[in-house]
2 protein chains.
Amino acid sequence: MQNNIFKALAHPDRRKVLSLLRSGPKLAGDLAAEFDSSWPTMSRHLSVLREADLISAERQGTQILYRINTSVVEDTAGAVLAFIGVSQNDNDDYEEAAE
Amino acid sequence: MQNNIFKALAHPDRRKVLSLLRSGPKLAGDLAAEFDSSWPTMSRHLSVLREADLISAERQGTQILYRINTSVVEDTAGAVLAFIGVSQNDNDDYEEAAE
DNA sequence: TCGCTAATTAGCAAAAATGCTAAATAAAAG
DNA sequence: CTTTTATTTAGCATTTTTGCTAATTAGCGA
């Protein structure tokens with residue numbers, strides 16, 4: 001749902017998580033280490049991002065690897081541009097309806 | 001401030017305001033008429049958008065005309081794309097493609 | 001199994017956002 | 001100056017978000 005995406009982007013720490021994931025997937029612990037907030041607080045930020053589908057999680061043994069969902073971020077940027085009438089379909093990505 | 005922008009985008013009615021302004025500036029009253037919320041509630045939504053600089057207001061006699069701030073919306077889309085490493089060229093004054 | 005590490009969930013309090021009604025302000029008209 | 005219309009501000013209650021500590025789950029290895 002688009003509302004969850006914009007709500008997820010409304011917190012600076014969550015936007016910082018996305019920025020940190022730009023260079024590649026990271027373990028939850030490594031992510032949390034970059035913030036002043038407590039571990040559980042960061043865990044909840046991650047779950048908000050996950051529910052918005054902006055990131056996805058993959059368990060690797062005892063750790064959890066997070067990665068950014070590029071296509072969702074792209075679509076979100078498109079939704080922002082749509083506010084000023086820029087067409088949302090002018091990227092060169094393939095369009096895949098079924099998952 | 002970028003935080004105000006993303007916070008402003010976090011409410012569906014405020015995003016709807018931006019969509020309504022896509023086709024051109026609108027009077028506060030005409031905007032409010034499109035929503036179920038009370039007039040004062042819509043007025044506050046407009047002020048949140050104004051403080052985020054996503055829209056600007058111009059008094060026209062007894063009414064107030066709102067317009068969307070195209071460049072701020074563009075920059076915001078750029079900030080979203082930056083999460084996945086797409087370079088944002090802020091404030092490019094020449095547009096070769098549109099000619 | 002036990003112990004250890006990684007991460008999440010539970011529960012609570014504080015802060016922020018939301019939305020209402022009533023009151024106030026601003027500009028124009030009479 | 002008073003009224004009327006358009007819009008904002010004030011004040012308050014309700015809901016949502018945030019962030020903490022404590023407890024819990026999950027996997028791994030001895």
Side-chain angles (χ1 to χ4, degrees), chain A residues 1-21 24-69 76 80 83, chain B residues 1-21 24-69 72 76 80:
Chain A
M1 182 207 271
Q2 188 165 282
N3 195 39
N4 286 344
I5 294 178
F6 284 108
K7 276 181 160 182
L9 292 177
H11 196 289
D13 283 356
R14 291 195 293 258
R15 294 197 300 277
K16 184 178 172 186
V17 166
L18 295 180
S19 291
L20 290 170
L21 291 178
K26 287 193 169 47
L27 297 171
D30 292 346
L31 282 171
E34 303 273 354
F35 294 85
D36 293 332
S37 294
S38 72
W39 238 100
T41 292
M42 289 317 301
S43 184
R44 181 154 55 182
H45 281 319
L46 290 173
S47 92
V48 169
L49 287 167
R50 194 160 11 92
E51 274 168 40
D53 205 30
L54 282 163
I55 63 176
S56 32
E58 180 190 347
R59 185 172 275 281
Q60 305 234 314
T62 166
Q63 319 188 85
I64 295 187
L65 190 70
Y66 281 97
R67 75 181 71 243
I68 196 165
N69 285 344
T76 303
V80 171
F83 291 136
Chain B
M1 182 208 260
Q2 197 170 49
N3 195 40
N4 285 343
I5 293 179
F6 284 107
K7 277 182 164 181
L9 292 176
H11 195 289
D13 282 357
R14 292 195 291 261
R15 294 197 299 277
K16 185 178 171 185
V17 166
L18 295 180
S19 291
L20 290 170
L21 291 178
K26 287 194 170 46
L27 297 170
D30 293 345
L31 282 172
E34 303 273 355
F35 295 85
D36 293 332
S37 295
S38 72
W39 240 100
T41 291
M42 289 316 301
S43 184
R44 181 156 53 181
H45 281 319
L46 291 173
S47 92
V48 169
L49 288 167
R50 193 161 10 91
E51 273 167 41
D53 205 30
L54 283 163
I55 62 176
S56 31
E58 180 191 348
R59 185 171 274 281
Q60 305 230 314
T62 166
Q63 319 189 84
I64 296 186
L65 191 70
Y66 281 96
R67 77 181 71 244
I68 196 166
N69 285 345
V72 176
T76 303
V80 172

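Chain letters run A, B, ... following the sequence lines, proteins first, then strands; residues in each count from 1.
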Per-nucleotide protein contact string for nucleotides 8-18 of chain C, where B marks a base within reach and S marks sugar-phosphate only (heavy atoms under 4.0 Å, - for neither): BB-------SB
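Protein atom CD of A:Gln63 is 11 Å distant from nucleotide atom P of D:dC28, rounded to whole Å. A straight line from CD of B:Glu58 to P of D:dA6 spans 18 Å, rounded to a whole angstrom. In this structure, B:Leu65 atom CG and D:dT8 atom P are separated by 12 Å, rounded to whole Å. When the C1' atom of D:dA6 is taken as reference, atom NZ of B:Lys26 falls 18 Å away, rounded to whole Å. Distance CG (B:Asn3) to C1' (D:dT18): 13 Å, rounded to an integer number of Å. When rounded to the nearest whole Å, the span between CD of B:Gln60 and P of D:dT8 equals 13 Å.
A:His45 meets the side chain to side chain contact (heavy atoms under 4.5 Å, CB included) test with A:His11, A:Asp13, A:Arg14, A:Thr41, A:Met42; sequence neighbours excluded. Residues meeting the side-chain hydrogen bond (donor to acceptor under 3.5 Å, both in side chains) test with B:Lys26, sequence neighbours left out: B:Ser23. Checked against side chain to side chain contact (heavy atoms under 4.5 Å, CB included), A:Gln2 has the following partners two or more places apart in sequence or in another chain: A:Phe6, A:Ala79, B:Arg15.
An OP1 or OP2 oxygen of C:dC20 is reached within less than 4.0 angstrom by a side-chain nitrogen or oxygen of B:Ser38.
A 4.5 Å side-chain heavy-atom check between B:Leu46 and B:Val17 finds at least one atom pair inside the cut-off.
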Compile the donor-acceptor pairs under 3.5 Å between side chains in residues 48-58 of chain A and protein atoms, sequence neighbours left out, one pair per line.
residue	atom	partner	partner atom	Å
A:Arg50	NH2	A:Tyr66	OH	3.4
A:Asp53	OD1	A:Asn69	ND2	3.2
A:Ser56	OG	A:Asn69	OD1	2.7
A:Glu58	OE1	A:Arg67	NH2	3.0
A:Glu58	OE2	A:Gln60	NE2	3.4

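Atom CG of A:Asp30 and atom CG of A:Leu20 lie 10.5 Å apart (nearest 0.5 Å).
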